[in-house]
K.L.:
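Have a look at the structure that comes next, please.
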Amino acid sequence: MNKKISLKGIGIPFIFLLVIIVIYGPTITSEYLFVEGDGIGYYVSKVFWANSVKEGEFPFWNPFVSIGTPFLADVQQTVLSPFNFIFLIFDTVLAFNIFRIVQLFLAGYFMFLLMHEIVGNYYVSIITGFLYSFSIMLGGGRVEHTTILTTISFFPIILYFLEKYRKTYSKYWLVASVLAMGVQFVSGFTQIVLYFDIILFVYMLFILRE
């Protein structure tokens, strides 16, 4: 029984990744960005970051906007995001599109893990994971705003870690949730992160009461 469960656990992330790649494959492998409008601004920001780092300069300041503007000091530029390494490996257009895959995978797979932790049913959890991954939140009107999508994709990750902590009281899961919150902060949309952290604070009070 445990062997079957472990095999399911290994196969499910591949299922999520495969489905997402099949659906978004043509867009990801094309020479075109999956965003337009406001999304171009996020893309240009990543191009500037990648070019600066490749030239051996850390992007503290962006001289190409107005008469110059802070770059590192602007959290919305996500200068310290660990996901930026993708732009050092791939062409910037491909990297930007690949990051879309990463967002959807993290959102869907960790929603699956969170739901399975709560309801204990693989099939219900898988369906919920896909519903979240392809929801309006992650694929609707906000598709142009990369940092908002990143913020949303981290919701189930943090909640899953806290749910594990609630059940085990292992400091490992608490540390994992803190690290995930840190990555969300430097990679996401600050305003929504703040709202989410307020909710997490109330949730932690609930956990500590148990």
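The model shown is predicted, which means the values in this text are computed figures rather than measured ones.
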K.L.:
Rounded to the nearest 0.5 Å, what's the gap from OG1 on Thr92 to OH on Tyr43? Could you check?
P.N.:
3.0 Å
K.L.:
Report yes or no: does Ser125 contribute a side-chain atom to a donor-acceptor pair with the main-chain N or O of Asn121 at less than 3.5 Å?
P.N.:
yes
K.L.:
Between Phe154 and Phe110, is a ring-ring contact (aromatic ring centres under 6.0 Å, His included) present by the stated rule, with each step listed?
P.N.:
CA-CA 8 Å; Phe154 265 81; Phe110 275 92; 8.3 Å; no
K.L.:
Measure across Phe105 and Pro13 and return the closest heavy-atom pair with its distance rounded to 0.1 Å.
P.N.:
CE1-O, 3.2 Å
K.L.:
What about the rings of Tyr165 and Tyr169, do their centers lie closer together than 6.0 Å?
P.N.:
yes
K.L.:
Answer yes or no: is there a donor N or O on one side and an acceptor on the other, between the side chain of Asp74 and the main chain of Pro70, under 3.5 Å?
P.N.:
no
K.L.:
Look up atom CZ in Phe71 and atom CZ in Phe64, then write down how far apart they are to the nearest 0.5 Å.
P.N.:
11.0 Å
K.L.:
Ser52 and Glu57: side chain to side chain donor-acceptor pair (under 3.5 Å), yes or no, with the steps?
P.N.:
CA-CA 5 Å; Ser52 297; Glu57 298 179 4; 5.4 Å; no
K.L.:
Do Val102 and Leu106 have side chains that get closer than 4.5 Å, going by heavy atoms?
P.N.:
yes
K.L.:
For Lys171, I'd like to know if atom NZ has over 12 heavy atoms of other residues, nucleotides or ligands within 6.0 Å.
P.N.:
no
K.L.:
What are the two closest non-hydrogen atoms of Phe16 and Ile126, and how far apart are they?
P.N.:
CZ-O, 3.8 Å
K.L.:
Show your reasoning for whether side chain to side chain contact (heavy atoms under 4.5 Å, CB included) applies to Leu17 and Ile101.
P.N.:
CA-CA 8 Å; Leu17 188 60; Ile101 293 288; 4.0 Å; yes
K.L.:
Carefully, step by step, assess Thr78 and Lys46 under the rule side chain to side chain donor-acceptor pair (under 3.5 Å).
P.N.:
CA-CA 9 Å; Thr78 64; Lys46 292 303 179 185; 2.6 Å; yes
K.L.:
Please determine whether residues Met111 and Ile127 belong to a single hydrophobic cluster, defined as Ile, Leu, Val, Met, Phe, Trp and Tyr linked transitively by side-chain heavy-atom distances below 4.5 Å.
P.N.:
no
K.L.:
Grab the two heavy atoms, one from Ser133 and one from Ile20, that are nearest each other, plus how far apart they are.
P.N.:
OG-CD1, 3.8 Å
K.L.:
Is the distance between the ring centroids of Tyr42 and Phe96 less than 6.0 Å?
P.N.:
no
K.L.:
Would you kindly confirm whether Tyr172 and Leu179 end up in one hydrophobic cluster when ILVMFWY residues are joined by side chain heavy atoms under 4.5 Å apart?
P.N.:
no
K.L.:
Using a 6.0 Å cut-off, check whether atom CZ of Phe185 has over 12 heavy atoms from anything other than its own residue.
P.N.:
no
K.L.:
Quick one: CG on Leu174 to OG1 on Thr168, what's the gap to the nearest 0.5 Å?
P.N.:
9.5 Å
K.L.:
Flag the pair Trp49 / Val53 as yes when at least one side-chain heavy-atom distance between them is below 4.5 Å, and no otherwise.
P.N.:
yes
K.L.:
Are side-chain heavy atoms of Gln184 and Phe155 found at a separation under 4.5 Å?
P.N.:
yes
K.L.:
If I take atom CG from residue Leu131 and atom CZ from residue Phe112, how far apart are they, to the nearest 0.5 angstrom?
P.N.:
14.0 Å
K.L.:
First locate atom OH of Tyr160, then atom CG of Leu113, and finally report the distance between them rounded to the nearest 0.5 Å.
P.N.:
5.0 Å
K.L.:
Hydrophobic clusters here meaning ILVMFWY residues chained together by side-chain heavy-atom distances under 4.5 Å, can you tell me if Val178 and Leu200 are in one?
P.N.:
no
K.L.:
For a quick test of reading the model, state the closest non-hydrogen atom pair linking Ile158 to Phe196 and the distance between them.
P.N.:
CD1-CE2, 3.6 Å
K.L.:
Got a donor-acceptor contact below 3.5 angstrom from the Thr151 side chain to the Thr147 backbone?
P.N.:
yes
K.L.:
Quick check: do Ile12 and Tyr109 have side-chain heavy atoms less than 4.5 Å from each other?
P.N.:
yes
K.L.:
Looking at every heavy atom in both Ala50 and Leu88, which two are closest together, and how far apart are they?
P.N.:
O-CD2, 4.2 Å
K.L.:
Checking Trp61 side chain against Gly68 main chain: does a donor-acceptor pair fall under 3.5 Å?
P.N.:
no
K.L.:
Test Met137 against Tyr132 for side chain to side chain contact (heavy atoms under 4.5 Å, CB included), laying out the working first.
P.N.:
CA-CA 8 Å; Met137 290 178 65; Tyr132 187 70; 4.3 Å; yes
K.L.:
Scan Thr190, Val193, Leu80 and name whichever one has a side chain to side chain contact (heavy atoms under 4.5 Å, CB included) with Val75.
P.N.:
Thr190
K.L.:
Applying the 4.5 Å side-chain criterion to the ILVMFWY set and letting contacts propagate, would Phe206 and Leu159 be lumped into a single cluster?
P.N.:
yes
K.L.:
Determine, using ring centers only, whether Phe58 and Phe60 are less than 6.0 Å apart.
P.N.:
yes
K.L.:
Going by heavy atoms in the side chains, are Ser81 and Val183 under 4.5 Å from each other?
P.N.:
no
K.L.:
If I take atom CZ from residue Phe134 and atom CG from residue Leu138, how far apart are they, to the nearest 0.5 angstrom?
P.N.:
10.0 Å
K.L.:
Answer whether the closest heavy-atom distance between the side chains of Met204 and Leu162 falls below 4.5 Å.
P.N.:
yes
K.L.:
Would the distance check show the side chain of Gln103 and the main-chain N or O of Thr146 forming a donor-acceptor pair, the cut-off being under 3.5 Å?
P.N.:
yes
K.L.:
Is a side-chain N or O of Thr69 found less than 3.5 angstrom from the main chain of Asn62, in a donor-acceptor match?
P.N.:
no
K.L.:
So, does Lys167 use its side chain to make a donor-acceptor pair with the main chain of Glu117 at under 3.5 Å?
P.N.:
yes
K.L.:
Passes side chain to side chain contact (heavy atoms under 4.5 Å, CB included), Phe161 versus Met181? Steps please.
P.N.:
CA-CA 10 Å; Phe161 290 153; Met181 290 173 67; over 6 Å; no
K.L.:
Return yes if some donor-acceptor pair links the side-chain N/O of Ser153 with the main-chain N/O of Thr150 below 3.5 Å, else return no.
P.N.:
yes
K.L.:
Taking the six-membered ring for Trp and the full ring for Phe, Tyr or His, determine whether the centres of His116 and Tyr122 are under 6.0 Å apart.
P.N.:
yes
K.L.:
Using a 4.5 Å cut-off on heavy atoms from C-beta on, say whether the side chain of Phe189 contacts that of Gln76.
P.N.:
yes
K.L.:
Determine whether Val22 and Val19 fall in the same hydrophobic cluster, where Ile, Leu, Val, Met, Phe, Trp and Tyr are linked whenever their side-chain heavy atoms lie under 4.5 Å apart.
P.N.:
no
K.L.:
Side chain to side chain contact (heavy atoms under 4.5 Å, CB included) for Ile15 and Phe130? Distances and angles first, verdict last.
P.N.:
CA-CA 10 Å; Ile15 293 174; Phe130 277 118; 4.1 Å; yes
K.L.:
Which heavy atom in Val79 sits nearest to a heavy atom in Pro59, and how many Å separate them?
P.N.:
CG1-CG, 4.1 Å
